[in-house]
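Here is the structure we will look at, set down as structure tokens.
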Amino acid sequence: MAKYDPSVVEAKWRDRWERDGTDRTDLRGAKRPFYNLMMFPYPSAEGLHVGNLFAFVGSDIQGRFHRLQGYDVFEPMGFDAFGMHSENFALKTGRHPAEMVPRNIERFRETQLKKVGLMVDWSHQVDTTSPEYYRWTQWIFVTLYKNGLAYRKKASVNWCPGCKTVLAAEQVIDGQCERCQSEVTKKEMAQWFLRTTAFARELLEELDRMDWSERTKVAQRNWIGRSQGAEVTFRLEGGPEFSIFTTRPDTLFGATYMVFSPEHPLVGEMTADGRREAVEAYRQGVLGLSEVERQAEGREKTGVFTGAHAINPVNGERIPVWVADYVLMGYGTGAIMAVPAHDVRDHEFAVKFGLPIREVVRGAGGDADVQREAFVGDGRLVNSGEFDGLEAKTEGIYSITKMLEMRSLAKFTTNYRLRDWCLSRQRYWGPPIPIVYCDKCGQVPVPEKDLPVLLPRLDDYRPDGSGLSPLARDEGFHKTSCSQCGGPALRETDVSDNFLCSAWYFYRYPSTDFDDRPFDPELTRKWLPVDLYVGGNEHAVLHLLYSRWLCRALQKCGHLDFAEPYEKFVAHGMIVYNGAKMSKSRGNIINPDEYIREFGADSFRMYLMFMGAYLEGGDFRDGGVKAMKAFLDRLCAAALPGEGEELDGGPPADAETLFWLNSTIKAVGADLARFSYNTAIARLMELVNHMTRNKVRNREVSGALARLLAPLAPHLAEEIWEALGHGESVFRSSWPEFDEAACHRPEVEYVIQVNGKVRGKILLAAGLPQEEIEPLVLANEAVAKWLSGKTVVKKIYVPDKLVNLVVR
RNA sequence: GCCCGGGUGGUGGAAUUGGUAGACACGACGGACUUAAAAUCCGUUGACUUACAAGUCAUGGGGGUUCAAGUCCCCCCCCGGGCACCA
């Protein structure tokens with residue numbers, strides 16, 4: 001190779017790979033399948049940014065590395081093209097999403113993705129907006145509906161006034177819409193839900209066994225949020241029974257009042273006549289508050305007395321019932337017993353409204369003043385009748401609940417924070433929910449043979465904020481007939497949250513050849529669950545949780561025979577630019593295309609991976625790509641024969657080169673396996689530095705270097721491999737092997753410490769026993785001067801590493 | 001408030017089980033080549049005292065354990081992330 005010109009080399013190998021089908025996978029014939037999945041992008045008009053490429057390249061390295069290790073790797077790619085991102089952009093630019101999306105996909109694939117050198121099998125591409133795909137998204141919805149996992153109900157849901165649609169709880173961040181940051185309000189609407197809570201326990205417990213990034217597991221655990229406690233039945237004085245949830249049944253004797261959520265259905269009935277006006281005014285006031293206002297940090301407690309009283313089942317005590325918005329309808333039973341002595345929120349409320357505070361748990365010190373501050377620590381029960389003296393949080397919880405359980409007034413329960421997934425969106429750009437409403441037959445799912453319910457082309461698809469989707473304005477779509485009775489019927493006009501589209505795309509990849517089924521059973525059995533999934537942690541409670549849930553749901557419906565979709569999930573880090581977060585508003589978004597054009601995809605890939613730890617993220621600095629190109633230039637010069645030159649055959653002659661060769665193979669393999677790409681590249685630099693300085697001209701070393709480089713810089717690795725005389729792609733070769741014995745130098749440098757401080761270093765043959773080293777150490781000049789006049793009281797000896805002499 | 005990560009030279013970042021802190025780079029400085037520049041190559045580069053000898057101090061701060069601590073323990077500060085009036 002005359003001079004390394006990436007544009008020539010990369011174009012050559014792109015064509016060669018395409019011509020030879022190098023990146024294609026024989027899905028049925030594969031012997032060692034490895035499904036290497038990366039989170040698919042939404043094809044935005046802005047194009048791929050460095051963050052996308054950082055994610056993809058890190059994943060591609062695993063795919064290529066596994067392939068060199070003999071796996072049949074399947075590395076597909078697709079486009080998540082439904083949803084508000086595409087729709088909002090279309091609205092802004094005035095171009096219809098149906099036209100914009102295919103163009104963006106084309107540009108993503110042809111001018112960006114293919115140029116980065118991803119080992120993608122493009123014969124299995126997926127586009128969530130194509131009818132062949134969303135037909136099966138709708139089929140999944142119908143399947144869930146038929147199995148009781150999808151239902152419609154009127155509920156107080158999260159409404160985004162900016163996007164003019166409802167949102168799932170997962171899409172509300174700190175009370176704001178995750179997309180447009182508008183303050184989310186509550187709205188009473190009939191919506192479709194998926195029963196995510198049905199598998200809350202499994203989704204939580206399975207996490208412990210999963211090979212996933214810990215921070216992703218933690219995020220899911222927090223989101224699912226389990227708390228164990230008891231449901232206790234109270235009775236309203238002269239009224240019905242009701243139950244409350246508590247994690248502290250041991251404090252039942254300390255309950256001095258009850259609180260109902262303003263939305264609780266019993267409130268109207270229980271309110272005393274004299275209190276009706278006040279209670280009603282309070283409830284109306286709360287309903288007018290946004291989520292942010294209601295949950296604002298440090299907000300003072302509010303509430304109102306209903307005039308009603310409840311009877312405490314443990315002691316028959318009559319305690320007042322209040323309504324306050326610090327009790328949420330959506331969690332537990334929407335009513336609580338308040339124990340101000342041992343709960344900080346109840347304490348605050350009791351102080352404000354002058355309610356009694358009764359201590360029932362006393363800590364070991366016994367000096368906590370519950371009138372001043374709630375005591376939430378461990379302690380023993382007091383003022384609790386026969387239960388006095390019990391260890392509160394263990395024996396107390398058990399004994400008191402057990403006692404009530406015998407009287408059928410309590411049961412042990414577990415509550416989850418997770419809510420059902422609100423699926424309806426009052427927007428245009430999504431898969432229509434395949435349901436028809438008939439006066440006679442009620443809710444009727446669209447029969448499988450009539451799927452897909454095509455999304456009609458609407459020229460005016462703006463959301464109008466009426467609470468109805470723009471599709472409701474299209475009579476031809478809205479009015480239809482019932483598949484059961486043939487009578488007139490109305491279609492559901494809401495579309496589905498596009499997270500449903502992305503919850504199953506990876507089942508579709510292997511099966512894109514089939515239009516009569518969502519996924520082929522044989523291919524699914526062979527390729528799934530996904531072996532490795534790489535993506536961003538921002539989807540921990542969105543995509544990753546939804547797709548875990550759907551997998552379990554499809555298993556329960558009999559369509560899959562496994563419960564978890566991803567064997568291993570790795571969350572990559574985030575990229576910043578010169579230490580600052582990249583964002584459109586800052587105007588510091590890096591366009592990868594220019595770097596690739598100037599320095600080549602290989603240099604760009606290498607720099608992305610070198611600038612920081614893949615799992616932690618990195619700081620993109622100008623000049624980095626250029627420096628990496630310089631390294632690849634040096635690598636070419638070191639690895640390739642010059643004009644008219646022949647490289648030495650056979651293993652290298654000198655021990656030092658053998659050491660570098662073997663230890664680099666070992667280290668790079670270990671580093672790639674643990675996603676430590678930056679250190680793998682550093683190892684390659686060290687090997688190249690050794691080759692350059694010592695003028696190593698050896699075919700075996702160059703061949704190993706090409707294969708070590710191949711996952712990181714695939715085009716250049718191919719070029720070098722070919723120049724070394726190989727007729728086939730380097731990806732049809734194998735990962736180089738190393739000799740463990742050669743990974744260690746025959747001589748090692750011992751560090752000699754005196755009292756823990758380094759005082760000298762000596763070169764010794766490896767593996768010497770302590771007795772032979774000692775005299776050599778004591779004879780060392782630099783060390784001797786620290787020993788004169790002192791007594792050696794202790795000698796620490798770490799084989800092949802160091803000797804520490806403790807002197808006095 | 002609770003739960004996870006983090007804090008290392010001028011900069012990005014290394015450092016399997018406690019065992020030479022700063023690998024590998026970037027930048028800077030000096031030199032070679034050149035009419036000159038770019039590119040390339042060679043050298044120096046944590047701070048301080050200083051003679052390139054030698055030493056002292058250094059991994060957010062303060063204690064501790066240990067022959068030995070970036071790494072383990074306790075307290076505190078700062079940054080990033082998750083949850084949060086969830087009973």
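Numbers restart at 1 for each chain; the letters A, B, ... are given by sequence-line order, proteins then strands.
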Donor-acceptor pairs under 3.5 angstrom involving side-chain atoms of residues 666-677 of chain A: please list them, not counting sequence neighbours.
from	atom 1	to	atom 2	distance (Å)
A:Lys666	NZ	A:Glu740	OE1	3.1
A:Lys666	NZ	A:Glu740	OE2	3.0
A:Asp671	OD1	A:Arg674	NE	3.4
A:Asp671	OD1	A:Arg674	NH2	2.9
A:Asp671	OD2	A:Thr679	OG1	3.0
A:Asp671	OD2	A:Ala680	N	3.4
A:Ser676	OG	A:Thr679	OG1	2.5
A:Tyr677	OH	A:Gly58	O	2.7
A:Tyr677	OH	A:Gln62	NE2	2.8

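A search for ring pair (Phe, Tyr, Trp, His ring centres under 6.0 Å) contacts involving A:Tyr326 returns A:Phe349, not counting sequence neighbours. For A:Arg201, the side chain to side chain donor-acceptor pair (under 3.5 Å) criterion is met by A:Glu205, not counting sequence neighbours. The salt bridge (Lys or Arg N to Asp or Glu O under 4.0 Å) check on A:Asp211 picks up A:Lys568, with sequence neighbours excluded. With sequence neighbours excluded, no residue satisfies side chain to side chain donor-acceptor pair (under 3.5 Å) with A:Tyr607. Residues satisfying the salt bridge (Lys or Arg N to Asp or Glu O under 4.0 Å) criterion with A:Arg283, sequence neighbours excluded, are A:Glu280. Applying the side chain to side chain donor-acceptor pair (under 3.5 Å) test to A:Asn755 and every residue at least two apart in sequence or in another chain returns nothing.
Comparing B:C67 with B:G18, their C1' atoms sit 12 Å apart, to the nearest whole Å. For the C1' atoms, the distance linking B:G61 with B:U8 amounts to 15 Å, nearest Å. Atom name C1', nucleotides B:U17 and B:A68: the rounded distance is 15 Å, in whole Å. Comparing B:G81 with B:A58, their P atoms are spaced 33 Å from each other, to the whole Å. Atom name C1', nucleotides B:C72 and B:U65: the rounded distance is 8 Å, in whole Å. Atom P of B:A38 sits at a distance of 41 Å from the matching atom of B:U20, rounded to the whole Å. Distance noted for atom C1' between B:G64 and B:G9: 28 Å (whole Å). Atom name P, nucleotides B:C85 and B:U66: the rounded distance is 46 Å, in whole Å.
Applying the salt bridge (Lys or Arg N to Asp or Glu O under 4.0 Å) test to residues at least two apart or on different chains, the pairs with a partner in residues 628-640 of chain A are A:Lys629-A:Asp633. Sorted by first and then second residue, the salt bridge (Lys or Arg N to Asp or Glu O under 4.0 Å) pairs with a member in residues 751-769 of chain A form an empty list; sequence neighbours excluded.
When rounded to the nearest whole Å, the span between CG of A:Leu687 and C1' of B:A23 equals 15 Å. Following rounding to the nearest Å, A:Asp174 (CG) and B:G82 (P) show an atom-to-atom distance of 8 Å. One interatomic measurement links the two molecules: CD1 of A:Ile752 to P of B:A68, which rounds to 18 Å at whole-angstrom precision. Rounded to an integer number of Å, the gap from A:Arg693 CZ to B:C41 P is 11 Å. Put simply, CG on A:Asp5 is 18 Å from P on B:A39, counting in whole angstrom units. Spacing between atom OH of A:Tyr797 and atom C1' of B:A68 amounts to 17 Å, rounded to whole angstrom units. For A:Phe245 and B:C85, the CZ to P distance is 16 Å, given to the nearest whole Å. Taking atom NZ of residue A:Lys301 and atom P of nucleotide B:A84, one finds them 16 Å apart after rounding to whole Å.
Within 4.0 Å (heavy atoms only), A:Arg759 reaches sugar-phosphate atoms of the nucleic acid but no base atom. Using a 4.0 Å heavy-atom cutoff across all strands shown, A:Lys785 reaches sugar-phosphate atoms only and no base atom. Using a 4.0 Å heavy-atom distance criterion, A:Ala670 is classed as making no nucleic acid contact. Among the heavy atoms of the strands lying under 4.0 Å from A:Asp325 is at least one base atom, whether or not backbone atoms are also near.
To the nearest 0.5 Å, atom CG of residue A:Leu381 and atom NZ of residue A:Lys393 are 11.5 Å apart.
Considering only side-chain N and O atoms, A:Asn537 lies nowhere under 4.0 angstrom from the phosphate OP1 or OP2 of B:G5. A close approach under 4.0 Å does occur between a side-chain nitrogen or oxygen of A:Lys626 and OP1 or OP2 of B:A39. Side-chain N/O atoms of A:Lys629 include none lying less than 4.0 angstrom from OP1 or OP2 on B:A39. Phosphate contact (OP1/OP2 of B:C4, side-chain N/O of A:Trp223, threshold under 4.0 Å): absent. Distances shown here put a side-chain N or O of A:Arg634 below 4.0 Å from the OP1 or OP2 atom of B:C41. Phosphate proximity of B:A87 to A:Tyr331: present, with a side-chain N or O under 4.0 Å from OP1 or OP2.
Among the nucleotides B:A87, B:C3, B:C83, the one closest to the side chain of A:Val218 is B:C3. Residue A:Val327 places its side chain closer to B:A87 than to any other of B:C83, B:C24, B:A87. The listed nucleotides are B:C3, B:A87, B:A23; the one nearest the side chain of A:Asn222 is B:C3.
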Take nucleotides 9-21 of chain B nucleotide by nucleotide from the 5' end and write B, S or -, depending on whether a protein heavy atom sits under 4.0 Å from the base, only from the sugar-phosphate, or from neither.
--SBSSS---BB-
Using the 3.5 Å cut-off, write out each protein N or O paired with an N or O of nucleotides 45-48 of chain B and the distance between them.
none

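Counting only distance, with no hydrogens or angles, the side chain of A:Thr414 and the backbone of A:Gln228 share no donor-acceptor pair below 3.5 Å.
Salt bridge status for A:Asp800 with A:Arg745: absent, with no side-chain N to carboxylate O gap under 4.0 Å. Ion pairing between A:Glu214 and A:Arg221 holds under the 4.0 Å rule for side-chain N and carboxylate O.
Judged by closest nucleotide on RNA chain B, A:Glu686 is the one of A:Glu686 and A:Val541 placed further toward the 5' end. Place A:Thr247 and A:Trp786 on RNA chain B by their nearest nucleotides, and A:Trp786 ends up nearer the 5' end.
With pairs defined as Watson-Crick or G-U wobble and both atom distances under 3.5 Å, the stems of at least three pairs that touch RNA chain B come out as B:1-7 with B:77-83, B:10-12 with B:24-26, B:27-32 with B:40-45, B:46-49 with B:54-57, B:60-64 with B:72-76.
Only one option out of A:Phe242, A:Phe305, A:Phe234, A:Trp322 pairs with A:Phe260 in a ring-ring contact (aromatic ring centres under 6.0 Å, His included); it is A:Phe242.
A:Ala571 approaches A:Ser213 most closely through the heavy-atom pair N-OG, 2.8 Å.
Base orientation for B:G46: anti, the chi torsion being more than 90° from 0.
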